[in-house]
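Any value given below was found using the heavy atoms of this structure, including those in side chains, with hydrogens, waters and symmetry copies removed. Atoms within each ligand, like the ligands themselves, are counted from 1 in listed order.
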Amino acid sequence: MKTIQTQVAIIGAGPSGLLLGQLLARKGISNIILERKTGDYVLGRIRAGILEQGFADLVREAGVAERMDAEGHVHEGVELVVNGERTRIDLKELTGGDVVVCYGQVEITQDLMEARQAASLETYYEADKVQPHDVKSDKPYVTFEHQGEEYRLDCDFVAGCDGFHGVSRQTIPEEVRTEFERVYPFGWLGMLADTPPCHDELIYAKSEYGFALASQRSATRSRYYLQVPLTDKIEDWSDEAFWDELKKRLPAEIAENVVTGPSIEKSIAPLRSFVCEPMQYGNLFLVGDAAHIVPPTGAKGLNLAASDVATLYKILTRVYETGDRRYIEQYSDIALRRVWNGERFSWWMTNMMHDFGEEVSNGGIDAQMFGRFMKSEFNYYLNSENGRKVIAEQYVGLPYEDLNEY
Ligand code: FAS
Ligand code: PHB
């Protein structure tokens, strides 16, 4: 077995792992990333598209914002439509200047990969059997196999950035972990197409036919989603059927702007709210999807991963720059404050914007009554400036946690 060492071992080369690695490296904190797939496989996952103000600022701090600032689209507003009634949430005006950036997760991941490669930082792709050890000790290590050779990676800390199906969360003993989960009775059918967006800002639409989201990646590439039953299969949905259903669910004046074309990606994703507490175990820290999942209705998944990265980066920087280890034990509590806020907002938006059909017990009340409550609540928020301000603040993202407040 070959022994190597670093200060921070990072498991996973998704956006969490790459962004953490980049930020730490710029502070002179050595790190090695272990990724079980190839880089191309990671880049092949079409996922998020909206970056909160805080995430965009963190990308700039990481020194990899050149393409994002050149090609990303700043969105100063977002539109919510309920049964044809359109309400624009003026993000910039209601938050005193904060906005979101429309820039794909794939692009951010690629920019981070290229920056890592340019800095000759070590990443082991196709690392197999990655396993953290002795994480409760002050000498944790990670074993893995790479190109037929066995490795032991000695480190000070392990960052579990390995997503929902990774090994890190499972490393925390079951009796220590509390997992909270809500699985929604529907999924999202997503489509990517090289067609110009139907509107200059995002549109979340609830109609009698169900939910639809009109998003985008650039002036020539659109991203759309439809709420579908969990029983639907991708083969049930031709491109033509998708376009027809999308137009039914959007306001008529928007639907007529929809430019159809062949899909370049189409997939169905289940929706769940999930949180694992605690998000750490000794010197193992869970980051991003390894610790939590949100329904994408609030555009929070990737953004909550980024706020975990920001918290862990600040804590580890203090350890290495000043020897101040006070915050090590507080990572989970600090990260969870913003995680639960994002979880609630995503759950709330999902409740407001989706048709729950015949699901009986939503909070212990029947679907019809639940639907009436949600319709009334959403009408209040959309028709009140204070309500629109709440939505705007949540959508652009609350400020990242400040360690000095702890
Ligand atoms: P990731 O899952 O992205 O990355 C984890 C990495 O760890 C992967 O590369 C994986 O290969 C690797 N890994 C796993 N196990 C390992 C092991 N044992 N050893 C080594 N490596 C291992 N969020 C939004 O904000 N908006 C959206 O529209 C949106 N849409 C989504 C659609 C889908 C289908 C999915 C699944 C998620 C979506 N998300 C969305 C959420 C998504 O963007 C995540 O929040 C984001 O990918 C989180 O990044 P990471 O925490 O890096 O986890
Ligand atoms: C996307 O563009 O993929 C996207 C945007 C906003 C969401 C979810 C997904 O809430």
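- To the nearest 0.5 Å, atoms CG (Asp69) and OH (Tyr103) are separated by 9.0 Å.
- Between Phe356 and Phe370, the gap from one ring centroid to the other is short of 6.0 Å.
- With a 4.5 Å cut-off on side-chain heavy atoms, Leu286 and Gln280 do not count as touching.
- Residue-level proximity to ligand 1 for Ile293 is absent, since no heavy atom of it falls below 4.0 angstrom.
- You'll find the ring centres of Phe186 and His354 inside the 6.0 Å limit.
- For Phe378 and Trp348, the ring centers sit closer than 6.0 Å to each other.
- At a 4.0 Å cut-off, not a single heavy atom of Met349 sits close enough to ligand 2 to count as contact.
- For atom 34 (C) of ligand 1, the closest non-hydrogen atom on the protein side is Ala269 CB, 3.8 Å.
- Between the choices Ala127, Gly160, Ala48, the shortest heavy-atom distance to atom 27 (C) of ligand 1 belongs to Ala48.
- Residue Leu202 has at least one heavy-atom neighbour below 4.0 Å for each of these atoms of ligand 2: 5 (C), 6 (C).
- Summarising the contacts of atom 7 (O) of ligand 1 with Val167, Val294, Ile268, Asp162, the nearest heavy atom is found in Asp162.
- Between atom CG of residue Asn404 and atom NZ of residue Lys314 there is a gap of 9.0 Å, rounded to the nearest 0.5 Å.
- Comparing Gly288, Cys161, Pro15 against atom 49 (O) of ligand 1, the shortest heavy-atom distance belongs to Pro15.
- Aromatic ring centroids of Trp347 and Tyr184 lie 6.0 Å or more apart.
- Summarising the contacts of atom 15 (N) of ligand 1 with Arg36, Gln131, Arg47, the nearest heavy atom is found in Arg36.
- Relative ring orientation between Phe157 and Phe285 is described as tilted, the plane-to-plane angle lying within the 30° to 60° band.
- For the pair Gln105 and ligand 2, no heavy-atom separation below 4.0 Å is found.
- Of all protein heavy atoms, the one closest to atom 9 (C) of ligand 2 is Tyr225 CE1, 3.6 Å.
- The shortest N or O to N or O distance between Leu302 and ligand 1 is below 3.5 Å.
- The shortest N/O to N/O separation between Asn303 and ligand 1 does not fall below 3.5 Å.
- Within ligand 2, the atoms closer than 4.0 Å to a non-hydrogen atom of Arg47 are 3 (O), numbered from 1 in the order shown.
- For the pair Asp236 (side chain) and Asp232 (backbone), a donor-acceptor distance under 3.5 Å is absent.
- Distances below 4.0 Å separate heavy atoms of Ile50 from the following atoms of ligand 2: 5 (C), 6 (C).
- Distance from atom 6 (C) of ligand 2 to its nearest protein heavy atom, with residue and atom name: Tyr204 OH, 3.3 Å.
- A donor-acceptor contact shorter than 3.5 Å is absent between the side chain of Asp194 and the backbone of Arg221.
- Rounding to the nearest 0.5 Å gives a distance of 11.0 Å between CG of Asp239 and CG of Asp244.
- Taking the six-membered ring for Trp and the full ring otherwise, Tyr124 and Phe144 have centroids separated by under 6.0 Å.
- Atom 8 (C) of ligand 1 has its closest protein heavy atom at Arg45 NH2, 3.0 Å.
- Between Gln105 and ligand 1, at least one N/O pair is under 3.5 Å apart.
- For atom 8 (C) of ligand 2, the nearest protein heavy atom (residue, atom name, distance) is Pro296 O, 3.3 Å.
- Closest protein heavy atom to atom 11 (O) of ligand 1: Glu35 OE2, 2.7 Å.
- Between Tyr225 and Trp188, the two ring planes are tilted [angle within 30° to 60°].
- The backbone and the side chain of Ala299 each have at least one atom closer than 4.0 Å to an atom of ligand 2 (non-hydrogen atoms only).
- At the shortest separation from atom 51 (O) of ligand 1 among protein heavy atoms lies Ser16 OG, 2.7 Å.
- Remark: ligand 2 and Arg217 share an N or O pair separated by less than 3.5 Å (distance only, no angle test).
- Remark: side-chain polar atoms of Thr95 are paired, donor with acceptor, to backbone N or O of Asp98 under 3.5 angstrom.
- Below 3.5 Å of separation, one finds no N or O of Ile46 facing any N or O of ligand 1.
- Of all the heavy atoms of Tyr225, the ones lying under 4.0 Å from any atom of ligand 1 belong exclusively to the side chain.
- Going from atom CG of Asp134 over to atom NZ of Lys139 covers 11.0 Å, rounded to the nearest 0.5 Å.
- Residue contacts with ligand 1, taken as heavy atom pairs separated by less than 4.0 Å, involve Asp289 via backbone and side-chain atoms alike.
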